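First up is the structure itself, then whatever we jot down about it.
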Amino acid sequence: MTPEKILSHLDSGQLEAVEALDGPVCILAGAGTGKTRTITHRIAFGVSTGKFDPSNVLAITFTNKAAAELRSRLNDLGVKNLTARTFHSAALAQLKHFWPEIVGDRFPRLVDAKGPFLAQAAQKLKIRVDRAVLRDVAAEIEWRKVSGLSIDEYSKSNRVLPLELDLSRVAEIQFAYEKLKDEARQIDFEDVLLACAGMLESEPRVAARVRAQYRHFSVDEFQDVSALQVRLLNLWLSDSSEICVVGDVSQTIYSFAGADPNYLLKFQQNYPDARVIRLEHDYRSTEQIVVLANKLIAGSPGALKLVSSTKPSTSNTDTPPEFANFSTSAAEAEFVAEKVRSLLESGVSASEIAILFRTNFQAAEFESALATSGIPYRVLGGLSFFELPEIKQAVMMLKASAIAKHPEPLFKTVSDVLRTLGWTQDSPPSGGAVRNKWESLNTLLRMAEELPKGSELKDLIEQLEDHSSSMREPKLASVTLSTIHSAKGLEWDCVFIVGLREGLLPISVAKSQEAIEEERRLLYVAITRAKSRLILSWSAKTGQSSSAGRPSRFLESLMKAD
């Protein structure tokens with residue numbers, strides 16, 4: 001693709017960022033401002049002008065799905081042979097490549113899950129713990145390692161634990177965990193970063209080869225980097241400043257896992273000659289939603305002030321954000337289900353509706369209400385589309401049919417296979433698991449129908465394999481239920497943010513001012529997922545609780561007139 005074509009259809013901020021090919025560059029990109037478009041076009045522009053050799057570029061993202069999307073978009077822009085990985089994936093690839101040369105032994109196994117080792121460690125120490133405590137201890141191990149602390153330093157810190165164990169006991173379990181892990185010759189997820197950093201620090205020849213390979217770095221979601229990730233990044237860079245970071249301080253919601261937004265906030269201090277570019281034109285949300293989001297974080301350090309750039313509509317999509325309160329969470333769930341049904345009847349696609357909440361336990365009542373109303377839904381954070389048992393079985397059967405080379409038209413072949421798995425022409429009248437399974441199978445049939453006329457079964461299988469490998473999931477005709485954390489990076493036409501009650505958002509364990517501000521940013525992320533319709537609700541009583549609560553302090557401030 002020509003440089004001129006790459007630069008077309010960019011706004012002034014995006015254009016400035018794309019043309020800034022000499023590092024260091026810091027792009028402050030607000031929600032809905034075309035962040036991924038800017039990153040990919042900058043890399044593509046650098047390649048098309050000869051400034052970047054794609055084999056010398058390392059693009060870092062925070063999830064495998066984001067990395068796959070980056071590669072797909074760059075491929076569409078004509079850029080191939082470029083490495084786009086997560087920090088862990090990049091570190092693991094380097095470790096595996098150099099391990100035989102440095103160590104001369106087989107590479108250690110990766111720990112599948114910390115739980116079994118932790119349970120064994122606690123048992124050896126005669127400490128009684130349940131599964132929830134083990135999960136929290138695992139999180140503490142991850143936080144300690146990405147924060148760059150030894151176990152001794154951790155035990156002497158002022159870390160506040162959401163546990164029934166004190167720091168000294170948690171440290172004892174960690175010591176025992178590390179011993180068991182070493183004896184089994186395994187390393188965990190965080191060890192990968194530590195080992196890679198250690199290798200680059202202790203092996204100058206290896207470090208020189210890595211730096212000769214990667215000369216231009218792009219790091220997305222820079223507000224979420226940890227001390228360990230920055231240590232590794234600096235080792236990759238050495239004396240180079242050919243780095244472009246992209247982030248938004250107002251979307252920092254992983255401090256509990258070691259993320260430190262100060263690396264973004266102080267980027268210009270660390271790189272005095274850095275070029276800082278701000279993207280503040282929001283192309284996702286209506287003006288009324290943007291105004292609400294800005295109001296929530298007004299005055300927060302480093303916060304961008306978004307400007308809505310969506311086109312005004314004469315339809316009902318310009319509905320202002322709504323607020324609703326209820327006596328019980330059950331009544332709140334019934335209201336949401338009824339509202340969703342009304343939206344569906346008005347022509348809104350189920351795939352464009354999301355219900356967001358702070359914690360996983362809140363999902364149950366909304367699942368029940370949707371199922372009772374016969375509304376299909378999926379819970380984000382579970383199995384991906386291609387990991388669903390019915391989809392795996394269907395794909396396997398379709399591949400068998402392709403080998404058999406049935407002469408029937410594509411639609412008939414696919415529908416015949418799906419009927420053996422429970423699909424019917426008419427959707428089930430009830431909601432719940434049966435309806436969800438039907439929606440998944442029906443999505444496969446829809447994908448077959450959308451292929452060009454004359455397509456064969458092998459074409460469908462190729463498309464399914466391509467989507468699976470690039471982690472591009474088809475849109476299901478179902479409402480999405482998700483925690484706010486899992487919803488980051490996604491968007492829907494209509495968003496319900498539920499359970500906005502003190503103790504839930506902000507969560508009860510958020511005691512410090514820093515923790516409260518992180519909860520504020522979490523609500524900001526939730527609000528900016530909505531494109532055209534936003535409903536915020538709360539209930540005085542949650543679940544079986546007999547005590548009445550009050551609305552979230554954030555909700556109270558948003559409802560106040562300016």
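In this text the structure is predicted, and so the values were computed from the model without any measurement. Position 1 is the first residue of the sequence; numbering continues from there.
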Does [X] reach the main-chain N or O of [Y] with its side chain, forming a donor-acceptor pair under 3.5 Å?
X	Y	result
E221	F62	no
E280	L306	no
R42	E19	no
S486	T483	no
R284	T528	yes
S238	S240	no
D188	V111	no

Is there a side-chain contact between [X] and [Y] (heavy atoms, below 4.5 Å)?
X	Y	result
L292	L536	yes
F554	E519	yes
T40	L70	yes
I43	L77	no
L200	L232	yes
V57	S218	no
F323	L555	yes
K339	R533	yes

Ring-plane angle category for [X] and [Y], please: parallel below 30°, perpendicular beyond 60°, tilted otherwise.
X	Y	answer
H485	F256	perpendicular
H216	F52	tilted
F366	F357	parallel

>> D191: which residues meet the salt bridge (Lys or Arg N to Asp or Glu O under 4.0 Å) condition with it, sequence neighbours left out?
In response: K145, K181

One thing to verify: whether [Y] and [X] come together as a salt bridge, which I'm taking to mean a side-chain N less than 4.0 angstrom from a carboxylate O.
X	Y	result
D22	K51	yes
E101	R209	yes
E450	R446	yes
R553	E502	yes
R521	E517	no

> Under the side-chain hydrogen bond (donor to acceptor under 3.5 Å, both in side chains) rule, what pairs show up with a residue in residues 7-17, not counting sequence neighbours?
Replying inline: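 Sorted result for residues 7-17: D11-Y283.
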
> With a cut-off of under 6.0 Å to the ring centre and 45° to the axis, is R159 in cation-pi contact with W143?
Replying inline: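 The answer is yes; both the distance and angle limits are met.
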
Under a 3.5 Å threshold, yes or no: a donor from one side chain and an acceptor from the other, between [X] and [Y]?
X	Y	result
T359	Q362	yes
E556	W538	no
T480	S482	no

> Partners of Y263 by ring-ring contact (aromatic ring centres under 6.0 Å, His included), sequence neighbours excluded?
Replying inline: none

>> Run the side-chain contact (heavy atoms from CB on, under 4.5 Å) test on I289 and I527 for me, step by step, so that the C-alpha distance in whole Å, both residues' side-chain angles and the decisive distance to 0.1 Å come before the verdict.
In response: CA-CA 7 Å; I289 292 172; I527 289 172; 4.0 Å; yes

